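Please read the structure below before turning to the comments.
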There are 2 protein chains.
Amino acid sequence: MQRTRGRAPSGGRAGALSQEVIVGAAVSLLDELGERGLTFRLLAKELNTGTGALYWHVSNKDELVDLAADQVLGHAFAAHPSLEEDAASGLRALAVAVFDALDRHPWAASHVSAPPTLANALRLLDRVGTLVARTGLPAERHFTVATAISYYITGVSAQIIAPRPTHDATVSREDFLARTARRWEELDPADYPFLTRTTQHLRDHADRDQFIAGLDLLLDGLNATAAPRPPAGDSNAW
Amino acid sequence: MQRTRGRAPSGGRAGALSQEVIVGAAVSLLDELGERGLTFRLLAKELNTGTGALYWHVSNKDELVDLAADQVLGHAFAAHPSLEEDAASGLRALAVAVFDALDRHPWAASHVSAPPTLANALRLLDRVGTLVARTGLPAERHFTVATAISYYITGVSAQIIAPRPTHDATVSREDFLARTARRWEELDPADYPFLTRTTQHLRDHADRDQFIAGLDLLLDGLNATAAPRPPAGDSNAW
DNA sequence: ACCTGAACACCGTTCAAGT
DNA sequence: ACCTGAACACCGTTCAAGT
């Protein structure tokens, strides 16, 4: 359960074990084989050690996978240097960078949980908060709004990206959508009036665009409420 | 992998196995022991059968847990008869009913995935869509908006509700939040300028309210865009 | 302080056999 | 058609022993 923080004190041999090395190797295995495929035995072999050695640096498999997911989340910041001017476009860019990072490592999406405790999940909320703070919003709303946005980013990404047939990469995402659309068509219109009417939309519906559309809705909401709010209680009228 | 649809043909003994009975028992075990605690051996003993019998009705543990989660999602509709008039308040009520249902069965939240394929997940999207259709929104936007809202509902719920220490129910949610707040206080303000400034908000932050606040933001966004949209491209200005 | 690897206590899943 | 239960092929995790 101990962690090796920072570099090893002395030179040590090149392949010296550390939490970072282990997590990095775990990410590769996770990418290749999925969560089920990642095994302490396999990981140990990959790193030329025994399984026991891994437990010196990581408390258990849950922690290992969480750390791996947080490392993946970190990729988003590399891609997105954060120096946008405009708050709205900065938030959009950040959100999309996170979506894309998770999309490249589908197993990771469901392991980012809230409120954040690991380094990069914290960083995400912090950046979102910093951008929100540049807005015209009153300071008391910053936290709530920042949280809502960052939960949307990770939560909806996870929904969309979550590995389908838990292990079976033979079915492409498009096949999956097409098959789902076909199933929707067979539903009873009495039970599912909306879906049976709308199944066409699922076919030419791109996940990533859907993610962005929802995000824009959220940001529009922000925009709308940035102006002084109506008396609480009679929120939405339509 | 075969399923028993509907009731058994003849009377049969009271405890006759069926997919529904199995899934129901799985929900109880899941509630008590969490996902790790649910075991085919244990479930079989609970139902007075052998493990092999279970596999006649359910293809594997993944399917079993997915079905159990969908059953939990179904609770939300029982609590929410759907006959609201106003689209906005109907959506709010539906969303909160889903959140509360998942909150009572935390293991379920992360197993509702998108796009929906199981009965109650489909029902959720359908109801959301039906409510959205009552709005002033142009018909081409119904699908996208309905999807955004229902992904928000299940995705953000999952984020917030996801079982913390995967198995350890000894730590209450409040303890967890308090502990997290304390950890945020110790962060380096240089790395996390927003969070270290705002840690107080986490302490008195109620998950459920947070969920609703984000939802309202989304609905406000809807409201704002229900009016004719500005020329595409210059969406948010602030 | 860190690594080794055998051993323990499980699990999901399959399958030949029954009714 | 549906159920039984032993058996297979794993796993995560621990721990006494080493360096």
Side-chain angles (χ1 to χ4, degrees), chain A residues 1-23 25-26 29-30 32-68 107 111 165-168, chain B residues 1-23 25-26 29-30 32-68 107 111 165-168:
Chain A
M1 224 225 299
Q2 343 295 342
R3 287 88 194 276
T4 303
R5 295 272 178 229
R7 305 277 85 230
S10 65
R13 43 186 251 274
L17 232 39
S18 72
Q19 199 184 71
E20 293 150 77
V21 173
I22 291 173
V23 171
L29 250 22
L30 253 359
E32 269 180 73
L33 306 169
E35 199 166 338
R36 236 84 145 203
L38 173 66
T39 279
F40 274 78
R41 276 166 246 260
L42 185 58
L43 186 55
K45 201 198 300 184
E46 207 84 358
L47 293 168
N48 296 307
T49 24
T51 58
L54 302 175
Y55 281 91
W56 181 262
H57 299 277
V58 150
S59 8
N60 52 46
K61 188 174 177 180
D62 285 330
E63 182 183 273
L64 177 59
V65 176
D66 285 348
L67 289 168
W107 52 269
H111 288 277
T166 309
H167 203 196
D168 184 9
Chain B
M1 223 225 302
Q2 343 294 345
R3 289 89 194 275
T4 304
R5 295 272 178 229
R7 306 277 83 231
S10 65
R13 43 186 250 275
L17 233 39
S18 72
Q19 198 184 71
E20 295 151 75
V21 172
I22 292 172
V23 172
L29 250 21
L30 253 358
E32 269 180 72
L33 305 169
E35 198 164 338
R36 235 84 146 203
L38 173 67
T39 280
F40 274 78
R41 276 167 246 261
L42 186 56
L43 186 54
K45 200 195 304 181
E46 208 83 0
L47 293 168
N48 296 306
T49 23
T51 58
L54 302 175
Y55 281 90
W56 181 262
H57 299 275
V58 151
S59 9
N60 53 45
K61 187 174 177 179
D62 285 330
E63 182 182 273
L64 177 59
V65 176
D66 286 347
L67 289 168
W107 52 268
H111 288 277
T166 308
H167 204 195
D168 185 8

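Values below: every heavy atom of this structure, side chains too, minus hydrogens, waters and symmetry copies. Every chain is numbered from 1, with letters handed out A, B, ... down the list of sequences. Just so you know, these numbers come straight off a predicted model, no measurement behind them.
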* Would a distance-only check, ignoring hydrogens and angles, find a side-chain to backbone donor-acceptor pair under 3.5 Å from E63(A) to V58(A)? -> no
* OG1-CG distance between T49(B) and L43(B), expressed to the nearest 0.5 angstrom -> 7.5 Å
* Working to the nearest 0.5 Å, report the span between CG of L42(B) and CD of E32(B). => 8.5 Å
* **Inter-residue atom distance N60(B).CG - F40(B).CZ, 0.5 Å rounding** => 7.0 Å
* Which ranges of DNA chain D pair up as stems, where a stem means three or more consecutive Watson-Crick or G-U pairs with both distances under 3.5 Å? -> C:4-8 with D:12-16, C:12-16 with D:4-8
* Could you state the atom-to-atom distance from CG of L54(A) to C1' of dC11(D) in whole Å? => 14 Å
* To do: Round to a whole Å and report the spacing from CD1 of I22(A) to C1' of dC2(C).
  => 11 Å
* **Inter-residue atom distance L54(A).CG - L17(A).CG, 0.5 Å rounding** => 6.0 Å
* Could you tell me the separation between the CG atom of L33(A) and the P atom of dC10(D), rounded to a whole number of Å? => 14 Å
* Whole Å only: how far is the CG atom of N48(B) from the C1' atom of dG5(D)? -> 14 Å
* Identify the heavy atoms of Q19(B) and H57(B) that sit nearest to each other, and give their distance. => NE2-O, 3.1 Å
* **Spacing of K45(B) atom NZ relative to dC11(C) atom C1', expressed in whole Å** => 15 Å
* Asked: Hey, what do you get for CH2 (W56(A)) to CD1 (I22(A)), rounding to the nearest 0.5 Å?
  -> 12.0 Å
* To do: Please determine if a side-chain N or O atom of H57(A) lies less than 4.0 Å away from the OP1 or OP2 oxygen of dA1(C).
  => no
* Structure fact -> dist L64(B):CG -> L30(B):CG (nearest 0.5 Å) comes out at 7.5 Å
* **Per-nucleotide protein contact string for nucleotides 12-19 of chain D, where B marks a base within reach and S marks sugar-phosphate only (heavy atoms under 4.0 Å, - for neither)** => BBBB----
* Using a cut-off of strictly less than 4.0 Å, decide whether W56(A) has a side-chain nitrogen or oxygen near OP1 or OP2 of dC2(C). => yes
